Amino acid sequence: MSEEKTLYRLSSTETYHRQDLESLGWELTVSNALHPAGSPIRKILKNDASYGDLLYGFLSTHIPFADITKVLEIGGGYGYLMKDFLKVNRNIRPFMLDIAPALLKKQAETLAGHDVEYYLNDATKMGTAFFEGFDLVIFNENLGDFPTLTDVDPAILHTHRTQETDDMIALVRHFFDLYGLEKPALHFNLNIGAMRMLEKVCGAGVPYIFVGEHSCEWTMPPEIRPYFDASGTGNPRRIRLKGHDEYTIRFSYLEAIAGRQGYRVRRGPFADFIRPDINDYVKAVLRSRGLYSDSEEIICQFVGDLYEYEYLVLARQ
Ligand SMILES: C[S@@+](CC[C@H](N)C(=O)[O-])C[C@H]1O[C@@H](n2cnc3c(N)ncnc32)[C@H](O)[C@@H]1O
């Protein structure tokens, strides 16, 4: 038996997505939560609209959609986002790549009547060449599913011991050395799949990239902060879900990778484009922590999510 200490563990959701996932029903994404027109959370928004409509409106102030044709969405879930984009912009040629057969099927149902190319595959296994030629690549609430190294010993960043024999250790060192990432002093979790994915898509020269996910570095504005107890710790947090674990994302690492690859980066909370109206009613709901009804509990959760979820809009310079 090796005397070497384990320097990391690998958390993967691949088997779950390929074999076990039947629906996202229990996993309420922001996009799905905003899908039903009459949902209580839409009523607390300054602009009552679906996720795709709000995102498209926001992106069109940062991305020249007149120059965009080929749009690849990775991990499109139920396909609602792309459906909204196609409703607004008929010039888009949609491509959907997903690891889960059940969700790709659902996307085909949602996007029926549109000319869509579907790819059933693990995005992390696609070569750089696959991503060349797309004008915009969208990652919405999926990078947290990608492979994550957990309980990483900071010694991994300093030891040369197993560098030649362990590709994963070499990959970790590559990211920290090449992109000058801040090195954690204590054991940490690392979104290695998300980092490798972004590096690959940037390396393919895709002009515009959108990333949206649950962050581990979120902050809240002063008017919201008193209503919430937790805060972003900077270390990707494990979220236990049915059949798999997700990890929140250390956005500053993704930002550093994109910046070094020549991208202009805009970063912020989802609340930049899903703007809540923090009126007296919403303040009262937040103050009560949503204890008095299911819909108020959902409102509390949702307002928190609008700040805990961050986005990156990347534009190649
Ligand atoms: C949490 S769901 C989000 C769905 C949708 N984007 C939304 O916001 O509602 C994650 C999506 O990413 C897909 N996914 C997870 N890992 C993937 C991988 N390695 N390659 C491609 N798709 C993946 C899942 O099948 C699913 O469609």
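Note that the numbering runs from 1 along the sequence shown for the chain. Being a predicted model, the structure only gives us computed values, none of them experimental. One-based numbering, in listed order, for ligands and for the atoms of each. As a basis for the values below, the full set of heavy atoms in this structure was taken, side chains included, without hydrogen atoms, waters or symmetry mates.
For the residue pair L136 and F210, the shortest heavy atom distance occurs at CD1-N, 4.3 Å.
Ligand 1 has an N or O atom lying under 3.5 Å from an N or O atom of T29, backbone or side chain. When only interatomic distances are considered, the shortest N/O to N/O separation between N140 and ligand 1 falls below 3.5 Å. Not a single N or O atom of I74, backbone or side chain, sits closer than 3.5 Å to an N or O atom of ligand 1. In terms of polar-atom proximity, G75 is counted as a contact of ligand 1, with an N or O under 3.5 Å from an N or O of the ligand. Polar contact with ligand 1: absent for T124 (N/O pair, distance under 3.5 Å).
The N32 neighbourhood of ligand 1 comprises atoms 9 (O), with distances under 4.0 Å to a heavy atom of that residue. Each of the following atoms of ligand 1 lies closer than 4.0 Å to a heavy atom of N142: 10 (C), 11 (C), 12 (O). Atoms of ligand 1 found under 4.0 Å from any heavy atom of N121, numbered from 1 in the order shown, are 20 (N), 21 (C). Each of the atoms 18 (C), 19 (N), 20 (N), 21 (C) of ligand 1 lies under 4.0 Å from some heavy atom of A123. Residue D122 approaches ligand 1 through these ligand atoms, each under 4.0 Å from one of its heavy atoms: 18 (C), 19 (N), 20 (N).
In the hydrophobic clustering of this structure, V116 groups with Y56; members are Ile, Leu, Val, Met, Phe, Trp, Tyr whose side-chain heavy atoms approach within less than 4.5 Å, directly or through other members.
Residue S31 touches ligand 1 through its side chain alone, judged by heavy-atom distances below 4.0 Å. Counting heavy atoms closer than 4.0 Å to ligand 1, residue L103 contributes side-chain atoms (C-beta onward) but none from N, CA, C or O.
Just one of V211, V201, L198 meets the side-chain contact (heavy atoms from CB on, under 4.5 Å) condition when paired with V137; it is V201.
Between F176 and Y253, the gap from one ring centroid to the other is short of 6.0 Å.
Among Y80, F146, F139, the residue whose heavy atom lies nearest to atom 16 (N) of ligand 1 is F146. For atom 2 (S) of ligand 1, the choice among K125, H214, E141 with the nearest heavy atom turns out to be E141. Counting heavy atoms only, G77 comes closest to atom 4 (C) of ligand 1 of the residues S12, A100, G77, G193.
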Legend entry - H214/E246 under side chain to side chain contact (heavy atoms under 4.5 Å, CB included): CA gap, chis, key distance, verdict: CA-CA 10 Å; H214 202 160; E246 274 183 23; 5.7 Å; no

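At a threshold of 4.0 Å, the pair K106-D98 does not count as salt-bridged, since none of the basic side-chain nitrogens sits closer than that to a carboxylate oxygen.
Between F95 and F134, the two ring planes are perpendicular [angle over 60°; tilted spans 30° to 60°]. Taking the six-membered ring for Trp and thresholds of 30 and 60 degrees, Y119 and F130 have ring planes more than 60 degrees apart, a perpendicular arrangement.
For the residue pair Q261 and Y179, a side-chain donor N or O sits within less than 3.5 Å of a side-chain acceptor on the partner. A side-chain N or O of T124 and one of D122 form a donor-acceptor pair less than 3.5 Å apart.
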